[in-house]
Amino acid sequence: MTDTSMIEDDQPYREFDDGALRVFGYSYDVQAVQQIKTVSGHGWVSGAALMADNHLGYSMPIGGVAAYREMTSPSGVGYDIGCGVMAVRTDVAYVDIADDLGRLADEITGRISFGIGRKNPTPVDHALFDSPVWDEVPELTEEVRAKKGPWSLRSRAEQQLGTVGSGNHYVDLLVEPATGELWAACHFGSRGFGHGVATGFLNLAAHRGFFSQMPGGESMHAAPSLLPLSPEAARELGARTQDAAARAEIGHRYTLAMELAGEYAYAGREHVIEQVLAILGASEVERVHNHHNFAWPEEHAGETVQVVRKGATPAFPGQTGFVGGSMGDWAVVVEGVESELAVRTLRSTVHGAGRVMSRSRAKGNRKGTRPGVISREMMSQRLDAYRREHGIALEVRGGDVDESPFVYRRLDDVVRAHEETGTIRVTHRLLPVVVCMAGSDVFDPWKD
């Protein structure tokens with residue numbers, strides 16, 4: 001039932017274009033491979049790779065990694081800047097809450113806001129609102145007049161900090177069978193603030209006004225949007241000599257705004273986990289926290305480059321990352337290891353199981369004229385099978401068939417491709433026992 005562009009393979013890794021494109025996975029999306037090839041052919045790209053959870057994304061594939069010299073890519077980072085996962089091992093034993101999962105699920109969904117455009121009923125004050133970047137990037141505080149009243153990206157950020165959103169974003173409780181310990185995890189990014197930053201700088205990259213209406217009918221296979229970080233890079237991207245410094249300044253402002261959105265995403269996830277720990281009456285014992293949609297200045301092959309990861313987790317030696325599967329599958333904590341292939345693939349790994357079926361194919365179109373191929377009954381049966389297999393009582397709140405286990409690869413297969421090639425090792429294996437997501441009636445309009 002997977003989408004037709006997915007290729008099964010018996011090898012965990014292969015290279016294309018004489019080694020220029022490096023692709024992990026026992027399955028890979030040929031459209032994703034074409035996308036990363038397009039990415040590598042635009043701008044000063046020193047290396048590109050595709051992780052084992054790869055699938056089609058907007059302009060750059062999910063699971064894609066690209067290293068740029070003196071440039072960055074707002075379409076590569078994507079609309080959900082700083083999307084990532086925070087997971088903590090708690091001091092609570094699963095056996096002590098096993099009979100209380102339903103109440104805990106209800107309390108999590110009652111206390112934490114899920115869904116598009118949701119505002120936090122209890123606004124969160126945070127030091128990031130004192131950052132000088134709010135003044136250094138004037139677009140962030142510029143007031144926009146709208147039918148519902150004036151707004152700014154800053155006001156949107158203040159209203160939404162600590163809310164989770166929709167789509168594949170979640171708050172989970174998980175058990176580690178090997179130890180019986182309880183973990184808590186949340187997955188989301190910079191919310192409407194990051195989306196506004198991305199939209200604005202994509203407009204500027206296309207020589208439109210920051211708050212212009214984005215054109216409709218954009219192709220998923222559009223060439224990457226690039227911003228220069230130096231006058232020389234600006235001229236390479238077609239700027240006139242007299243405009244080069246101004247174009248590089250736009251790239252600099254994007255980097256500042258993106259980094260602030262990353263701080264915002266970190267702060268939001270920390271707030272949500274604090275709420276979950278309070279519900280549990282638990283303390284944090286171990287923390288795993290990082291982005292998987294971001295651009296970092298890193299050293300590779302002896303030079304400093306901007307490494308753009310879209311749906312890919314940094315995995316430097318000793319660096320940990322949380323990788324979640326579907327709502328009815330394992331999750332893992334992984335750690336980067338030193339190896340020649342890790343160096344060649346920009347020290348990156350998967351961020352999830354990887355979608356193999358589009359939302360519209362699973363759920364049908366919004367008008368209801370084309371039914372989906374996954375029913376609620378099928379989803380319920382699959383989750384019941386998970387409960388029987390592992391002998392646990394999984395409590396699910398929200399979510400719909402387009403987030404069911406049918407639409408994702410098995411996480412073991414995805415992670416195994418990176419383990420067997422010597423780029424990561426698994427340090428913890430976890431099973432979800434509570435999954436909280438936005439309701440099935442919530443439409444997710446954001447592009448990946």
Side-chain angles (χ1 to χ4, degrees), residues 43-44 60 66-84 124-144 151-161 189-212 214 224-234 236-237 239 243-270 289-299 304-310 314:
W44 289 339
M60 182 169 176
Y68 291 92
R69 300 184 183 97
E70 299 178 42
M71 297 177 185
T72 191
S73 175
S75 63
V77 173
Y79 285 91
D80 196 5
I81 298 170
C83 188
V124 180
D125 190 22
H126 195 278
L128 70 87
F129 292 116
D130 297 324
S131 169
V133 173
W134 297 104
D135 295 324
E136 294 170 7
V137 183
E139 294 92 343
L140 302 183
T141 53
E142 183 176 340
E143 193 171 86
V144 179
W151 65 275
S152 68
L153 288 176
R154 174 163 183 141
S155 67
R156 181 181 291 176
E158 290 172 342
Q159 293 166 348
Q160 291 190 338
L161 184 60
S190 51
R191 308 291 287 111
F193 171 55
H195 190 275
V197 168
T199 301
F201 281 98
L202 285 168
N203 276 330
L204 293 181
H207 301 275
R208 297 186 294 265
F210 188 90
F211 293 102
S212 296
M214 290 285 284
S225 174
L226 302 175
L227 285 171
L229 300 176
S230 69
E232 293 77 16
E236 172 69 16
L237 294 175
D243 298 329
R247 294 299 290 176
E249 174 60 21
I250 293 173
H252 175 65
R253 293 206 311 277
Y254 170 74
T255 299
L256 290 175
M258 179 205 67
E259 290 174 347
L260 184 62
E263 291 181 42
Y264 181 88
Y266 258 80
R269 293 191 291 265
E270 288 169 351
H289 196 184
N290 42 36
H291 301 317
H292 47 236
N293 287 4
F294 208 63
W296 291 262
E298 296 176 1
E299 292 289 327
T304 300
V305 289
Q306 287 286 319
V307 178
V308 174
R309 294 182 177 90
K310 177 182 275 192

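Given the structure is predicted, the values throughout are model-derived calculations rather than measurements. Values reported hereafter were calculated over all heavy atoms of this structure, with side chains retained and with hydrogens, waters and symmetry mates removed.
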### Query
Where do Ala244 and Ala239 come nearest, in terms of heavy atoms and distance?
CA-CB, 4.2 Å
### Message
Strictly distance-based, threshold 3.5 Å: is any side-chain N or O of Arg247 a donor or acceptor partner for the main-chain N or O of Ala205?
### Response
yes
### Query
Which heavy atom of Asn203 sits nearest a heavy atom of Gly209, and at what distance?
CB-O, 3.2 Å
### Query
Are side-chain heavy atoms of Trp151 and Val144 found at a separation under 4.5 Å?
yes
### Task
Look at the aromatic rings of Tyr266 and His289 and report parallel, tilted or perpendicular, splitting at 30° and 60°.
tilted
### Task
Work out which heavy atom in Leu153 is nearest to a heavy atom in Gly192; give both atom names and the distance.
CD2-O, 4.5 Å
### Message
Looking at Tyr264, is its backbone amide N or carbonyl O close enough to the side chain of Ser190 to form a donor-acceptor pair, meaning the two atoms are under 3.5 Å apart?
### Response
no
### Task
Kindly indicate, with the supporting measurements, whether the criterion side chain to side chain contact (heavy atoms under 4.5 Å, CB included) is fulfilled by Tyr254 and Val77.
CA-CA 11 Å; Tyr254 170 74; Val77 173; 3.4 Å; yes
### Query
Parallel, tilted or perpendicular for Phe294 and Trp296, by the 30°/60° rule?
perpendicular
### Query
With distance as the sole test, does Ser230 use its side chain to make a donor-acceptor pair with the main-chain N or O of Ala233 at under 3.5 Å?
yes
### Query
Has the side chain of Lys310 got a donor or acceptor atom that lies under 3.5 Å from a matching backbone atom of Ala66?
no
#### Entry: Test item: His126 and Leu161 side chains (from C-beta on) under 4.5 Å apart, heavy atoms
yes
### Query
Rounded to the nearest 0.5 Å, how far apart are CG of Leu204 and CZ of Phe211?
9.5 Å
#### Entry: Pairwise side-chain contact, Phe210 with Arg253, heavy-atom cut-off 4.5 Å (strictly under)
no
### Message
To check you understand the geometry: which heavy-atom pair defines the closest contact between Leu128 and Ala267, and what is its length?
### Response
CD2-CB, 3.6 Å
### Task
For side chain to side chain contact (heavy atoms under 4.5 Å, CB included), just list the numbers for Leu260 and Leu140, CA-CA rounded to whole Å, side-chain angles, deciding distance to a tenth of an Å, and then say yes or no.
CA-CA 10 Å; Leu260 184 62; Leu140 302 183; 3.9 Å; yes
### Task
Mind listing the closest non-hydrogen atom pair of Ile81 and Gly78 along with its distance?
CG1-O, 3.6 Å
### Message
Just verifying a value: how many Å separate His291 NE2 and Glu263 CD, rounded to the nearest 0.5 Å?
### Response
8.5 Å
### Query
Are the side chain of Ser131 and the backbone N or O of Ala127 linked by a donor-acceptor pair below 3.5 Å?
no
### Task
Look up atom NE2 in His195 and atom CG in Asp80, then write down how far apart they are to the nearest 0.5 Å.
9.0 Å
### Summary
So CZ of Phe129 and CD of Glu158: to nearest 0.5 Å the spacing works out to 5.0 Å
### Sub-4.5 Å side-chain heavy-atom contact between His252 and Glu136
no
### Task
Identify whether the distance between the nearest side-chain nitrogen and carboxylate oxygen of Arg69 and Glu236 falls below 4.0 Å.
no
#### Entry: Over all atoms of both residues, closest heavy-atom pair of Ala265 and Gly82
CB-O, 3.3 Å
### Summary
Rounding to 0.5 Å, atoms CE (Met258) and CG (Leu227) come to a distance of 11.0 Å
### Message
Would Val308 and Met60 count as a side chain to side chain contact (heavy atoms under 4.5 Å, CB included) here? Give the steps.
### Response
CA-CA 10 Å; Val308 174; Met60 182 169 176; 4.1 Å; yes
### Query
Between OG1 of Thr255 and CZ of Phe201, what distance do you get to the nearest 0.5 Å?
8.5 Å
### Query
Do side-chain atoms of Ser73 reach the backbone of Leu226 as a donor and acceptor pair under 3.5 angstrom?
no
### Task
Give the intermediate values and the outcome of side chain to side chain contact (heavy atoms under 4.5 Å, CB included) for residues Cys83 and His292.
CA-CA 6 Å; Cys83 188; His292 47 236; 3.6 Å; yes
